[in-house]
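Below you'll find the structure, written out as structure tokens, and then a few comments.
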There are 2 protein chains.
Amino acid sequence: MSPHDVQEAVRQTYQAYLTRHGLKSTVQREIIIKRFVKSRGHLSADELYAALREEHPSIGLATIYRTLKILTEAGIAREQRFNDGFTRYEFNGPDDRHHDHLVCTACGRVEEFENREIERLQEEVANIHGFAINDHKLELYGLCPDCARSGRNVG
Amino acid sequence: MSPHDVQEAVRQTYQAYLTRHGLKSTVQREIIIKRFVKSRGHLSADELYAALREEHPSIGLATIYRTLKILTEAGIAREQRFNDGFTRYEFNGPDDRHHDHLVCTACGRVEEFENREIERLQEEVANIHGFAINDHKLELYGLCPDCARSGRNVG
DNA sequence: TTCCAATTGAGAACAGAAGTCAAATCAACC
DNA sequence: GGTTGATTTGACTTCTGTTCTCAATTGGAA
């Protein structure tokens, strides 16, 4: 899927969500969403706010929070709480599968991975305990190659 | 290990930590720790505060937080942040191995599990990405048997 | 017992997130 | 295109879990 197709697919999902909930499309939301989709990283509301401040200084932090909430409810974004105290939002593209995270405890870098075998074992564990799983979270914390090499160990 | 032995082992670890860091033993800390070890569950600071309020109304919430921090640093407690917004502390007994959690999204019940095979696969993933892992977090969210049966789905 | 650093409880301070509200904006209708 | 009314905005306040501050108290080595 090309970046343009992705933007288009997101736009459709977003519009459908607005219509379904009687919400309106606004220029602020357009700007925020475009920027969010472009930077596929794991952004916090504050980081997104900072990223937009230069070009669009009038957009308030509250609007960022509200838009990210809409995106989350529309299934376009996913909330991620790592161990640094605040919520990050990751882009959940139209053809993205579930994945988990490797988090560097020194530089904060986040890498994604997917492992079908681990997921299968999780199902197995849930079955044994009689739980009906509908979500899970797996995070591996440690040093990324760069930080391990340079001997860093704090953020 | 009998409950008494556990209390004794914890006491020793705790005392060693105090000595090593030039800290003092106080009655408040004794009370908090005894209660914390007794209830092996996944308590938040506020829940512990509430549990102690009746018998020891003079103990402040700040002291609970401070004591839990000491216990965490001494390796007796472990911080757990599930998705309900606040920190829970779980007892990390002298002979406890690492384990992960099944969390019921309806009633909040937490069950522990251990799976060597999953841990092995995690190591494998980390190796492929060149990360040096020193911690991880695996949480499975869903409905516990009771809540699934009774059709509950909210907390 | 004396003495001083560590600890306490109460309340203030903090930070991320969410709520409030008057002014601005969107979009359906004429 | 203009009118209209509900939605949205940004600035601000509020909320909540957690940490800090500080004067008063306590622990324990000498």
Side-chain angles (χ1 to χ4, degrees), chain A residues 11 14-33 35-36 42-74 77-89 108 155, chain B residues 11 14-33 42-74 77-89 108 155:
Chain A
R11 172 173 238 86
Y14 164 63
Q15 288 296 348
Y17 182 87
L18 293 188
T19 308
R20 190 152 21 97
H21 291 80
L23 304 179
K24 289 174 178 170
S25 169
T26 71
V27 289
Q28 289 90 337
R29 285 180 185 167
E30 296 284 333
I31 291 166
I32 293 167
I33 294 171
R35 191 71 177 74
F36 176 71
H42 301 78
L43 290 169
S44 67
D46 207 65
E47 285 166 346
L48 192 47
Y49 178 59
L52 290 172
R53 191 156 37 202
E54 201 172 330
E55 274 193 80
H56 306 279
S58 70
I59 294 181
L61 182 56
T63 301
I64 309 256
Y65 273 108
R66 288 185 283 234
T67 304
L68 285 171
K69 176 168 259 182
I70 289 176
L71 290 180
T72 302
E73 281 160 6
R78 234 186 326 229
E79 291 187 357
Q80 286 288 347
R81 259 175 279 267
F82 297 131
N83 274 343
D84 61 352
F86 50 108
T87 306
R88 292 175 181 284
Y89 296 80
Chain B
R11 172 174 239 86
Y14 164 64
Q15 288 295 348
Y17 181 86
L18 293 189
T19 307
R20 191 154 16 100
H21 290 79
L23 305 178
K24 289 172 180 173
S25 168
T26 71
V27 290
Q28 289 92 334
R29 285 179 183 168
E30 295 285 333
I31 291 166
I32 294 168
I33 293 171
H42 301 78
L43 290 170
S44 67
D46 207 65
E47 285 166 346
L48 193 47
Y49 178 60
L52 290 171
R53 192 157 37 201
E54 203 172 329
E55 275 193 81
H56 306 280
S58 71
I59 294 180
L61 184 54
T63 302
I64 310 256
Y65 274 106
R66 287 186 283 234
T67 305
L68 286 171
K69 176 168 260 183
I70 289 175
L71 290 180
T72 302
E73 281 161 6
R78 232 182 331 224
E79 290 187 357
Q80 288 288 346
R81 258 175 279 266
F82 298 130
N83 274 343
D84 61 352
F86 50 108
T87 307
R88 292 177 179 286
Y89 296 81

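Every value quoted in this text rests on a predicted model; they were computed, and no experiment measured them. Residue numbers begin at 1 in each chain, while the letters A, B, ... track the order of the sequences.
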Ignoring backbone atoms, establish whether B:Thr63 has a side-chain N or O less than 4.0 Å from OP1 or OP2 of C:dT7. no

Assess whether one donor atom and one acceptor atom, taken from the side chain of A:Arg66 and the base of D:dG10, lie less than 3.5 Å apart. yes

Main-chain N/O of B:Tyr17 paired to B:His21 side chain as donor or acceptor, under 3.5 Å: yes

Picking from C:dC26, D:dT18, D:dC20, which would you name as closest to the side chain of B:Leu61? D:dT18

Hey, which of these two, B:Ala45 or B:Ser25, hits DNA chain D nearer its 5' end, going by closest nucleotide? B:Ala45

Take atom CG of B:Leu68 and atom P of D:dT18, then tell me their distance rounded to the nearest Å. 10 Å

Determine: side-chain N/O of A:Gln28 to OP1/OP2 of D:dG10, distance under 4.0 Å, yes or no. yes

Would you state whether a donor and an acceptor, one from the side chain of A:Lys69 and one from the base of C:dA18, lie under 3.5 Å apart? no

Would you indicate which nucleotide in C:dC26, D:dT26, D:dG10 comes nearest to any side-chain atom of A:Lys24? C:dC26

Between B:Asp46 (CG) and D:dT19 (P), how many Å, whole number? 13 Å

D:dT19 P sits how many Å from B:Glu73 CD, rounded? 11 Å

Verify the contact: side-chain N or O of B:Thr26 to OP1 or OP2 of C:dT8, cut-off strictly under 4.0 Å; return yes or no. yes

How many whole angstroms separate atom CZ of A:Arg88 from atom C1' of C:dG16? 13 Å

When you measure from the side chain of A:Phe86, which nucleotide among C:dT7, C:dC26, C:dG16 comes out closest? C:dG16

Taking the side chain as every heavy atom from C-beta outward, state whether B:Glu79 and B:Tyr89 have any atom pair closer than 4.5 Å. yes

Using whole Å, report how far CD1 of A:Ile33 lies from C1' of D:dT8. 14 Å

Give one of base, sugar-phosphate or nothing for B:Ile59, where a contact means two heavy atoms less than 4.0 Å apart. sugar-phosphate

Around atom CZ of B:Arg11, are there more than 12 heavy atoms from other residues, nucleotides or ligands closer than 6.0 Å? no

To the nearest 0.5 Å, what is the distance between CG on B:Leu71 and CZ on B:Arg66? 14.0 Å

Rounded to whole Å, how long is the line connecting atom OH of B:Tyr49 with atom P of D:dT19? 16 Å

Heavy atoms under 4.0 Å, any strand shown: does B:Tyr65 hit a base, just sugar-phosphate, or nothing? base

Of the options C:dG19, C:dC26, D:dT18, whose atoms approach the side-chain atoms of B:Thr87 most closely? D:dT18

Would you say the side chain of A:His56 lies within less than 4.5 Å of the side chain of A:Gln28, judging by non-hydrogen atoms? no

Would you indicate what B:Ser44 reaches in the nucleic acid, counting non-hydrogen atoms under 4.0 angstrom: base, sugar-phosphate, or nothing? nothing

For A:Arg29 and A:Lys24, indicate whether the former's side chain and the latter's backbone hold a donor-acceptor pair under 3.5 Å. yes

Rounded to the nearest Å, what distance is computed from the OH atom of residue A:Tyr14 to the C1' atom of nucleotide D:dT8? 11 Å

Output the rounded distance in Å from CD1 (A:Ile64) to P (C:dG16). 15 Å

Would you indicate which nucleotide in D:dT7, C:dT8, C:dA17 comes nearest to any side-chain atom of B:Arg29? C:dT8

Is the phosphate of D:dG17, meaning OP1 or OP2, less than 4.0 Å from a side-chain N or O of B:Arg81? no

